Amino acid sequence: MRNAKRNSLSILCASVTLSLLILFHAIRLMASANVADVTPLEQIIGNSNYAIGNNFGSVYSITGEELVIEQNGKKVSISNFTNIIGNESGGLIYQCKPILLANDAQINRLQRQGNNIITTLHPAGQATAVQLLSEYDVENVEASITFVLRDGTVLVSAGNNSYTEGAYAEAEIPRNLYVDYSTSAKEKGSCFKPVIYRMLLKNTEYLPNNLDITGDSFEDISYVTINGNTTHNWDWGYPSYYESNNNGLYTRYCSLSELLQRSSNTAPLRCAKALGFKESYEQLCQMYGIDRPLITEINTISGVSLPSERLPWLFFGQDACLSPVRMCQLYNHLVSGRFYSPYYVVGITQPNGNMIYKASPTEKVEYHMDINVKQDILNNALEDTFESYLTNNLRTRYPEELLTSRRLLAKSGTAENADGTENRTIMLTLLNETRTDVVCSACISVNNAAVGEIGNEPLIDKLLQVLYAMEIL
């Protein structure tokens, strides 16, 4: 009898414990649904736990599924989705396939119980980007190509460290064979300046007359000293590039277009100082949410957070430590005025074909800016800047009609590294044919390169090749 009572009590305790666990789990699910940073996808598949063991899912695209974007009120199909495993022509983790599927690939494929994950990645764009990046030394240089549509669709996320056929062939010191360089934050240099200028254009009424970036008489000087630190323009040692000399301080008068083409460091720095570095940074946070990470279905894309003493270096790009995918998102936003978070997963279907998740890109209206894309002063300055980068080789390779169409906006950037190398970046934004909206933005970044080794021409050429491969151009 005593044992019976004890067993009954144990069963009752176990039942209560199980009920409490179920209740706790339900409460936790309800609470997580109210957390703003939890995406709908995470509520379905958990926090990136869709690639575990042999049940990682078929992870392939629906054959023939096309990506549709809005252009001038019409739906335009511009690409197919890609296989996230990939095949011999490309794909994110193709060389992992033997490991993931082990020796029973056929059985695993037939018996798999996981869901199908449809990605946004463009097969031709991804494969072309990987091939173009293969020229960079994977041991010393970090190179990436990234394309993001205006609505946040990540079309290309490629690095020069993508898996190769012999990746596992040699015994070597264990290391991370794949780091996503497209989401790896590195200093971006002067290509961050348009982000600053958009903020300054919003605050022109608070700037003195000699710092008016809306006219053609901005007083650009060759160097400036702030808090004991001197920042020079890259051409400060070339007096012929300036109009006057005052004991070694050179001055010239510029439009916003000229400031961007000449990549003045002192111009945005002096403007930010006039507004107040702390106040300018707060403006960036309000306009872009630049201090906040962007949480996607598969990763977290970091923002910018600096101690107050380093803020001056942010405003000419040296300390603008951001990932290529975040830079693409920023350019889409600053050119179009519309904020969309990047995403990589179009949908998830169950083995029976039932779709349990479908992406729904939504503008974050709290960051909306009213911008006339075609007439905007900053956009036109970036169009001028693209044309200033054109060389005879580029004009020979690509139609003049495209190169002078005013549909391409660009800015280059260089950031110095402590080890004597530099990071070179080109940002490129493509407008639709009527120049009234953004199609996509792209970033090619070559980090830890030898000083002066990488020029603008080959980087622009690679981005244009990928655009043609995706048949966007």
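Not measured: the values here are computed from a predicted model.
In summary, the aromatic rings of Phe277 and Phe315 are positioned with their centroids under 6.0 Å apart. When ring centroids are compared, Phe339 and His368 stay outside the 6.0 Å threshold.
No side-chain donor-acceptor contact under 3.5 Å links Thr120 and Thr153. Between the side chains of Thr204 and Thr214, no donor-acceptor pair is found at a separation under 3.5 Å. Side chain to side chain, Ser308 and Lys278 fail the donor-acceptor criterion of an N or O pair below 3.5 Å. The closest side-chain donor-acceptor pair between Thr231 and Asn265, if any, does not fall under 3.5 angstrom. At a cut-off of 3.5 Å, with distance as the only test, no side-chain donor of Asn233 or Tyr238 sits close to an acceptor on the other residue. Side-chain atoms of Asn209 and Asp212 form no donor-acceptor pair, as typed in the model, at a separation below 3.5 Å. Judged by distance alone, the side chains of Thr396 and Asn392 never bring a donor and an acceptor atom under 3.5 Å apart.
Not counting sequence neighbours, Arg407 has no partner by the side-chain hydrogen bond (donor to acceptor under 3.5 Å, both in side chains) test. Every residue meeting the side-chain hydrogen bond (donor to acceptor under 3.5 Å, both in side chains) condition with Asp376, not counting sequence neighbours, appears here in chain and number order: Arg198. Taking Tyr331 as the reference, nothing meets the ring-ring contact (aromatic ring centres under 6.0 Å, His included) condition, with sequence neighbours excluded. Applying the side-chain hydrogen bond (donor to acceptor under 3.5 Å, both in side chains) criterion to Asp319, with sequence neighbours excluded, gives Arg310. Every residue was checked against the ring-ring contact (aromatic ring centres under 6.0 Å, His included) condition with Tyr389, not counting sequence neighbours, and none meets it. In this structure, the side chain to side chain contact (heavy atoms under 4.5 Å, CB included) partners of Glu187, at least two apart in sequence or on a different chain, are Cys321, Ala415, Asn417, Asn423. Partners of Tyr398 by ring-ring contact (aromatic ring centres under 6.0 Å, His included), not counting sequence neighbours, listed by chain and number: Tyr468. Thr414 is linked by a side chain to side chain contact (heavy atoms under 4.5 Å, CB included) to Glu422, Arg424, counting only residues two or more places apart in sequence or in another chain. With sequence neighbours left out, the salt bridge (charged side-chain N to carboxylate O under 4.0 Å, His left out) criterion links Glu457 to no other residue. Taking Tyr223 as the reference, His232 meet the ring-ring contact (aromatic ring centres under 6.0 Å, His included) condition, with sequence neighbours excluded. Looking at residues two or more places apart in sequence or on another chain, you find a salt bridge (charged side-chain N to carboxylate O under 4.0 Å, His left out) between Glu383 and Arg406, Arg435. For Gln261, the side-chain hydrogen bond (donor to acceptor under 3.5 Å, both in side chains) partners two or more places apart in sequence, or in a different chain, are Ser257.
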Run the numbers on Tyr241 and Trp234 for side-chain contact (heavy atoms from CB on, under 4.5 Å), then give the verdict. CA-CA 11 Å; Tyr241 288 17; Trp234 70 269; 3.9 Å; yes
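Within the 4.5 Å cutoff, no side-chain heavy atoms of Ile444 are placed close to those of Thr146. Two residues are said to be in side-chain contact when any heavy atoms from C-beta on lie closer than 4.5 Å; Leu464 and Leu408 meet this criterion. At a threshold of 4.5 Å between non-hydrogen side-chain atoms, the residues Arg338 and Lys364 do not count as touching. Counting heavy atoms from C-beta outward, Asp291 and Ser305 have side chains that stay 4.5 Å or more apart. Side chains of Thr230 and Val224 form no contact here, defined as non-hydrogen atoms less than 4.5 Å apart. The shortest side-chain heavy-atom distance between Phe147 and Cys328 does not fall under the 4.5 Å cut-off. A 4.5 Å side-chain heavy-atom check between Met369 and Met287 finds at least one atom pair inside the cut-off.
Asp220 places no side-chain N or O within donor-acceptor distance of the main-chain N or O of Tyr253, the cut-off being under 3.5 Å. With hydrogens and angles ignored, the 3.5 Å screen pairs no side-chain donor or acceptor of Lys462 with any backbone N or O of Leu133. Judged by distance alone, with hydrogens and angles left aside, the side-chain atoms of Asn379 form a donor-acceptor pair with the main-chain N or O of Val373 at under 3.5 Å. When atom types are taken as modelled, the side chain of Ser134 and the backbone of Gln131 share a donor-acceptor pair closer than 3.5 angstrom. Side chain of Trp236 to backbone of Ile221: no donor-acceptor contact under 3.5 angstrom is found. Panel note: side chain Gln318, backbone Glu416; a donor-acceptor pair is recorded below 3.5 Å. Judged by distance alone, with hydrogens and angles left aside, the side-chain atoms of Asn332 form a donor-acceptor pair with the main-chain N or O of Ser441 at under 3.5 Å. At least one donor-acceptor pair closer than 3.5 Å links the side chain of Asn380 to the backbone N or O of Lys374. Formation of a donor-acceptor pair under 3.5 Å by the Asn203 side chain with backbone atoms of Tyr206 is not found in this model. Using modelled atom types, no side-chain atom of Arg395 and backbone atom of Leu403 make a donor-acceptor pair closer than 3.5 Å.
Interatomic distance, OG1 of Thr385 versus NZ of Lys411, reported as 6.5 Å (0.5 Å rounding). Distance check, rounded to the nearest 0.5 Å: CD1 of Ile145 to CG of Leu155 gives 13.0 Å. The CG atom of Leu430 lies 11.0 Å from the CG atom of Leu463; values are rounded to the nearest 0.5 Å. In this structure, CG on Leu402 lies 10.5 Å from CG on Leu394, to the nearest 0.5 angstrom. Put simply, OH on Tyr242 and SG on Cys254 are 8.5 Å apart, with the number rounded to the nearest 0.5 Å. For the atom pair CG (Leu467) and CG (Leu428), the distance works out to 6.5 Å, reported to the nearest 0.5 Å.
A salt bridge does not link Glu243 to Arg252: none of the charged nitrogens lies less than 4.0 Å from a carboxylate oxygen. Arg397 and Asp461 are joined by a salt bridge, as a carboxylate oxygen and a charged side-chain nitrogen come within less than 4.0 angstrom of each other.
For the residue pair Thr425 and Ser445, the shortest heavy atom distance occurs at OG1-OG, 3.2 Å.
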